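Read through the structure below, which is laid out as structure tokens, and then see the notes.
This is a predicted model, so every value here is computed, not measured.
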Amino acid sequence: MIRQADKQDIPRIAEILVFGKRVAYRPIFKNDYVSFNELQVVQLYEEYKNNPDRLAGMLLYDDGIVKGVINGQQIDDKTIEVKDFYIDPFFVRQGIGTLLLEHLIRLVRQKGVQKIVLWVIKDNVNARRFYEANLEFSHFALRQPRRAFVPTGHAPARVKTQWYVGCYRTASKYQCFYTVLYGIKCTPGLPQCKMRKPKEANGFLNNGKTCIIEGTTKEDCCYEYVLV
């Protein structure tokens, strides 16, 4: 289902990128001229056709229909940057994005890559939630804890404390991890906790780097995934 992109895929790739960007960014920038005049499928098709090397790191989710794309470009020997990562708006919330990202991580880990970086517009709440909460394989820890408390029977929780490590999705609920630091036994107000190792205490983390998008007042945030 996940495969390397090829020249014959360029028309479909251009469609997904254009419509994915319109859906994601029109509510943020509120600029219809850019969304519908400057952002065009034909123009993007020509860009990829004239620069086929841009397909080198692009993976597609293809189950008979290409439904999503992710493009990881190597920026140095040890770092990959995710440039384009979009799911066709008709097929969102089906787990396609998670599958693509997990597949990319497995591939680059085999190549000896140490870090994956990507930039997300601060106001793109859906994308940030995806990286910060909805990836089953990653927990967004500032450090890798040796052990952590796991609240049991606790519904979605995002406690804004320095001990917050992250959460992963299960079939029925979220479970949250809290690093055992400075003798802290558990966050007050949570149900009775038991102690266990987190499934994996590593993943995408907002590293604090930001920049203003040229010609706008909008801020980009940098996330990174350190492969261990």
Side-chain angles (χ1 to χ4, degrees), residues 1-18 20-21 24-25 39 41 43-62 66-88 95-122 124 126-128 130-132 134-144 166 200-214 218-228:
M1 282 196 181
I2 297 178
R3 62 175 177 84
Q4 176 67 42
D6 195 79
K7 289 182 181 179
Q8 65 185 10
D9 300 308
I10 292 177
R12 180 62 179 141
I13 291 169
E15 281 185 339
I16 292 174
L17 294 182
V18 167
K21 288 179 179 181
Y25 302 137
L39 197 57
V41 172
Q43 180 181 347
L44 196 57
Y45 167 81
E46 292 294 336
E47 288 180 16
Y48 272 88
K49 182 181 177 182
N50 296 329
N51 300 277
D53 56 306
R54 292 176 62 179
L55 297 174
M58 182 169 282
L59 300 172
L60 308 180
Y61 180 92
D62 182 2
V66 176
K67 297 179 178 179
V69 306
I70 187 169
N71 197 347
Q73 295 291 315
Q74 195 139 4
I75 57 177
D76 60 44
D77 291 342
K78 299 297 183 182
T79 308
I80 291 284
E81 182 175 357
V82 176
K83 296 285 190 178
D84 288 310
F85 183 19
Y86 294 94
I87 310 302
D88 187 301
I96 294 171
T98 298
L99 290 174
L100 281 168
L101 198 50
E102 286 180 328
H103 192 87
L104 176 67
I105 289 172
R106 285 195 296 270
L107 286 180
V108 300
R109 180 178 273 126
Q110 293 170 4
K111 296 178 180 179
V113 171
Q114 295 180 355
K115 184 166 62 175
I116 301 173
V117 298
L118 54 85
W119 290 84
V120 184
I121 297 173
K122 186 176 182 179
N124 193 349
N126 288 336
R128 295 183 66 192
F130 173 76
Y131 296 117
E132 293 175 357
N134 294 340
L135 294 182
E136 188 170 347
F137 64 86
S138 62
H139 310 291
F140 308 95
L142 295 176
R143 61 190 66 79
Q144 184 168 348
E200 181 183 342
N202 190 35
F204 281 98
L205 168 72
N206 187 333
N207 64 13
K209 295 179 182 178
T210 62
C211 69
I212 300 299
I213 299 171
E214 185 178 358
K218 300 297 182 180
E219 191 174 66
D220 244 354
C221 303
C222 185
Y223 283 73
E224 63 181 36
Y225 184 108
V226 178
L227 298 163
V228 293

- Can you tell me how far the CZ atom of Phe85 sits from the CD1 atom of Ile16, to the nearest 0.5 Å? 12.0 Å
- Message: Checking the side chain of Asp76 only, and the main-chain atoms of Lys78 only, is there a donor and an acceptor separated by less than 3.5 Å?
- Response: yes
- Report yes if the side chains of Leu59 and Gln4 come closer than 4.5 Å at any heavy-atom pair, otherwise no. yes
- Query: Are the side chain of Glu224 and the backbone N or O of Leu205 linked by a donor-acceptor pair below 3.5 Å?
  - Reply: no
- Note on the structure: Distance col, row Lys67:NZ vs Tyr61:OH, nearest 0.5 angstrom, shows 6.0 Å
Just distance, no hydrogens or angles: give the donor-acceptor pairs under 3.5 Å from side chains in residues 5-12, sequence neighbours left out.
residue: Asp9; atom: OD1; partner: Arg3; partner atom: NH2; Å: 2.8
residue: Asp9; atom: OD2; partner: Arg3; partner atom: NH1; Å: 2.9
residue: Asp9; atom: OD2; partner: Asp6; partner atom: N; Å: 2.8
residue: Arg12; atom: NE; partner: Val66; partner atom: O; Å: 2.8
residue: Arg12; atom: NH1; partner: Glu15; partner atom: OE1; Å: 3.0
residue: Arg12; atom: NH1; partner: Asp88; partner atom: OD2; Å: 3.2
residue: Arg12; atom: NH2; partner: Val66; partner atom: O; Å: 2.9
residue: Arg12; atom: NH2; partner: Asp88; partner atom: OD2; Å: 2.8

- Task: Check side chain to side chain contact (heavy atoms under 4.5 Å, CB included) between Lys21 and all other residues, then give those that pass, not counting sequence neighbours.
- Result: Tyr25, Leu39, Asp84, Tyr86
- Query: Do the side chain of Asp62 and the main chain of Met1 share a donor and acceptor less than 3.5 angstrom apart?
  - Reply: no
- Message: Show the nearest heavy-atom pair for residues Ile2 and Leu99, with the distance to one decimal.
- Response: CD1-O, 3.4 Å
- Note on the structure: Rounded to the nearest 0.5 Å, the OH atom of Tyr225 sits from the CD atom of Gln114 at a distance of 13.5 Å
- Task: Report yes if some heavy atom in the side chain of Val117 is under 4.5 Å from a heavy atom in the side chain of Ile75; otherwise report no.
- Result: yes
- Item | Listed partners of Thr210 passing side-chain hydrogen bond (donor to acceptor under 3.5 Å, both in side chains), at least two apart | none
- Would Val120 and Phe130 satisfy side chain to side chain contact (heavy atoms under 4.5 Å, CB included), going step by step from the backbone distance to the final call? CA-CA 11 Å; Val120 184; Phe130 173 76; over 6 Å; no
- Message: Please check this pair: side chain of Gln43 against backbone of Glu46, looking for a donor-acceptor N/O pair closer than 3.5 Å.
- Response: no
- Message: Counting C-beta onward and ignoring hydrogens, is there a side-chain heavy-atom pair between Lys83 and Arg54 closer than 4.5 Å?
- Response: no
- Message: How long is the straight-line distance from CG of Leu100 back to NE2 of His103, given to the nearest 0.5 Å?
- Response: 8.5 Å
- Message: I need the Ile105 CD1 to Ile116 CD1 distance, nearest 0.5 Å.
- Response: 4.5 Å
- Message: How close do Cys221 and Asn206 get, counting heavy atoms only, and between which atoms?
- Response: CB-ND2, 4.0 Å
- Query: In Å and rounded to the nearest 0.5 Å, what is the CG to CG distance from Leu55 to Leu60?
  - Reply: 8.5 Å
